Number of protein chains: 2
Amino acid sequence: MGASGEEQRGRRDAGAGERHKPSLHMDRASSSTVTRLSSYYRLLGELQAERVETVSSGRLAERGGITSAQVRKDLSFFGNFGRRGLGYNVAQLRRKIAEILGLTRRWRVALLGAGNLGLALFAYKPFQKQGFCIEAVFDSDPRKVGEKWDGVTIRAIGELPQVAATQHFDIAILAVPESSAQDVADVAVAAGVRGILNFAPVTLTIPDHVALREVDLSIAMESLSYSLVK
Amino acid sequence: MGASGEEQRGRRDAGAGERHKPSLHMDRASSSTVTRLSSYYRLLGELQAERVETVSSGRLAERGGITSAQVRKDLSFFGNFGRRGLGYNVAQLRRKIAEILGLTRRWRVALLGAGNLGLALFAYKPFQKQGFCIEAVFDSDPRKVGEKWDGVTIRAIGELPQVAATQHFDIAILAVPESSAQDVADVAVAAGVRGILNFAPVTLTIPDHVALREVDLSIAMESLSYSLVK
DNA sequence: AGATGTGAAAGTTTTCACAGCC
DNA sequence: GGCTGTGAAAACTTTCACATCT
């Protein structure tokens with residue numbers, strides 16, 4: 001891994017009234033599978049732009065730098081999308097993956113932190129193309145508050161609860177310094193977001209019902225430097 | 001998971017003249033171990049700031065959200081840093097990890113791409129604190145070239161080879177759009193960088209002797225949206 | 001007593017290899 | 001012949017549990 005927030009897996013909570021069925025129906029894909037699914041999605045977009053209609057697991061694997069068996073296993077977890085002897089239909093598979101990843105709906109995103117990183121994320125084209133709409137920006141710096149980015153007025157972090165009451169946010173992007181990350185995360189949770197994408201290099205404590213993904217730039221860089229040390 | 005470029009592991013090339021020794025001396029840590037090592041490094045920094053002198057694997061594990069056995073296994077891969085009955089010396093262990101991760105030396109970094117993301121990375125404090133010095137910035141946009149960031153003049157990408165000839169770069173950070181990422185990566189490789197931290201959402205093809213880590217913001221976001229879909 | 005370091009066990013992910021369909 | 005879908009095997013990672021040291 002690299003810079004990455006991993007999912008907690010195998011937290012099998014043998015709930016109170018659970019009938020003891022062995023349940024082979026494993027119900028969520030592993031986080032590596034989901035990560036690769038995203039790559040496939042991107043590759044399929046490239047293929048579509050190249051007017052390729054059909055692709056084999058071998059060809060997808062080659063472009064993604066993995067094995068064809070891996071591609072087939074990943075996809076078969078979600079359904080039988082291919083046709084034996086032929087491969088996968090590019091447009092069809094891409095649509096399927098978009099559904100699985102939740103890219104067919106619009107996600108309402110609040111950006112918390114209007115520094116350099118916040119601006120970069122606000123302007124990040126791929127987010128816009130994929131249904132992630134940054135609808136509000138918050139910052140704690142009074143000098144930033146009131147400023148406008150592309151028509152969106154920067155508000156004080158303290159206003160998040162009130163704004164969230166009328167305009168619901170699914171996701172909060174946390175792009176604040178370490179020192180305030182936990183506090184701001186708490187506000188976001190209280191405001192009812194269901195997921196947090198955290199860029200602050202701290203381990204956040206948040207309730208179980210809120211999904212958390214970490215992007216840690218230092219960890220990515222350190223992993224690189226590790227691989228370069230003699 | 002998450003946004004992360006994984007290492008290719010287990011590429012055991014049974015080289016031509018290799019004597020067939022089973023070699024229990026596995027020689028590189030897994031990428032998960034390295035990622036966690038970075039977290040330990042960060043946690044130890046916090047503990048040091050709190051004037052804590054000694055820490056047990058259990059306490060480290062708790063703060064990092066994992067098990068104590070994991071912490072011990074990870075650390076024992078690199079040496080016997082603890083003392084039975086006592087735990088680990090915070091300052092000592094932190095120094096050790098810094099050495100392992102290559103944070104005791106200075107890395108000369110070239111930033112390729114001076115857009116919003118480039119600026120965010122240029123200004124990113126944790127990089128500066130950890131020996132990653134962005135010594136030069138390049139962009140292909142003629143309007144950007146000549147601009148100065150904190151005393152560093154933005155140069156044209158085409159100048160990278162000449163600049164690299166006199167001033168060696170260890171690492172290139174790629175913060176350019178997809179469309180030019182592969183070309184710019186090729187230039188960086190030709191200029192002799194040993195590692196690339198890629199932020200462009202494309203699968204780069206680079207020679208084996210150059211290390212590559214990917215930070216893909218879309219993948220991180222998509223993994224979050226996957227976990228939020230009903 | 002308290003906590004590390006580590007083989008062995010358990011669990012998870014990846015790869016192999018092939019039956020089955022196009 | 002080509003390629004998917006998938007059980008079974010292999011590889012890898014994490015956890016357990018305990019001998020060992022302070």
Side-chain angles (χ1 to χ4, degrees), chain A residues 1 4 6-12 14 22-37 39-40 52-62 64-90 92-93 96, chain B residues 1-2 4 6-14 22-37 39-40 52-62 64-90 92-93 96:
Chain A
M1 275 129 274
S4 139
E6 285 300 292
E7 217 166 335
Q8 275 116 313
R9 320 220 74 256
R11 211 193 321 168
R12 105 187 99 279
S23 170
L24 289 201
H25 160 46
M26 193 208 310
D27 57 339
R28 288 253 100 179
S30 77
S31 67
S32 340
T33 294
V34 176
T35 299
R36 284 189 302 263
L37 218 57
S39 315
Y40 305 153
V52 177
E53 298 211 330
T54 286
V55 70
S56 68
S57 59
R59 203 139 140 41
L60 262 181
E62 205 178 1
I66 51 173
T67 68
S68 63
Q70 184 76 84
V71 173
R72 295 198 299 278
K73 259 278 194 304
D74 285 340
L75 296 177
S76 73
F77 181 88
F78 298 100
N80 295 1
F81 303 138
R83 296 230 284 149
R84 293 173 195 231
L86 297 174
Y88 303 87
N89 176 292
V90 172
Q92 216 169 77
L93 182 57
K96 269 291 175 203
Chain B
M1 204 139 278
S4 143
E6 285 301 291
E7 216 165 337
Q8 274 116 315
R9 320 219 75 255
R11 211 191 323 168
R12 101 188 104 278
D13 42 320
S23 170
L24 290 203
H25 161 45
M26 194 208 308
D27 57 338
R28 287 254 99 179
S30 76
S31 66
S32 340
T33 294
V34 176
T35 299
R36 283 188 303 261
L37 217 58
S39 315
Y40 304 154
V52 176
E53 298 211 330
T54 285
V55 70
S56 68
S57 58
R59 204 140 138 42
L60 262 180
E62 205 178 0
I66 50 175
T67 68
S68 63
Q70 184 76 81
V71 173
R72 296 198 299 278
K73 257 281 195 302
D74 284 339
L75 296 177
S76 74
F77 182 88
F78 299 99
N80 296 0
F81 303 137
R83 296 229 286 146
R84 295 175 193 231
L86 297 175
Y88 303 88
N89 176 293
V90 173
Q92 218 167 75
L93 182 56
K96 269 291 174 201

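Order of the sequence lines fixes the chain letters, A, B, ..., with proteins taken first and strands second; residue numbering starts at 1 for each chain. Model, not experiment: these values are computed from the prediction.
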Its contact letters, B for base, S for sugar-phosphate only and - for none at protein heavy atoms under 4.0 Å, make nucleotides 17-22 of chain D read B-BBBS

When rounded to whole Å, the CG to P distance for the pair A:N80 and C:dG20 reads 15 Å

Just to be sure I understand the rule, does A:T33 reach a base, reach only the sugar-phosphate, or reach nothing, if contact means heavy atoms closer than 4.0 Å? nothing

A:I66 atom CD1 is separated from C:dT14 atom P, nearest whole Å, by 9 Å

Rounded to the nearest 0.5 angstrom, the OG1-CD distance for A:T54 and A:Q92 is 9.0 Å

Taken to the nearest whole Å, CG/B:D74 to P/C:dT6 is 13 Å

Scanning both residues in full, the closest heavy-atom pair of A:F81 with A:K96 reads CE2-CD, 3.6 Å

How about B:V55 and B:Y40: do any of their side-chain heavy atoms sit closer than 4.5 Å? no

note: B:R36, atom CZ; D:dT13, atom P; distance rounded to Å ~ 9 Å

task: Please state whether the phosphate of D:dT15, meaning OP1 or OP2, lies under 4.0 angstrom from any side-chain nitrogen or oxygen of B:T67.
output: yes

For A:S57, the side chain to side chain contact (heavy atoms under 4.5 Å, CB included) test, sequence neighbours excluded, returns A:S68, A:V71, A:R72, A:Y88

Rounded to whole Å, the CZ-C1' distance (B:F78 to C:dT4) equals 17 Å

Rounded to whole Å, the CD-P distance (B:Q70 to C:dT6) equals 15 Å

Rounding to 0.5 Å, atoms NZ (B:K73) and OG (B:S30) come to a distance of 12.0 Å

Any A:S57 side-chain N or O less than 4.0 Å from OP1/OP2 of D:dT4: yes

Rounded to whole Å, the NZ-P distance (A:K73 to C:dT12) equals 16 Å

Side-chain contact check for A:Y88: nearest option of C:dT6, D:dT6, D:dT4 is D:dT4

Rounded to whole Å, the CG-P distance (A:N89 to C:dC22) equals 16 Å

Report yes if some heavy atom in the side chain of B:D74 is under 4.5 Å from a heavy atom in the side chain of B:V34; otherwise report no. no

Those residues at least two apart in sequence (or on a different chain) that pass side chain to side chain contact (heavy atoms under 4.5 Å, CB included) with A:S56 are A:R59

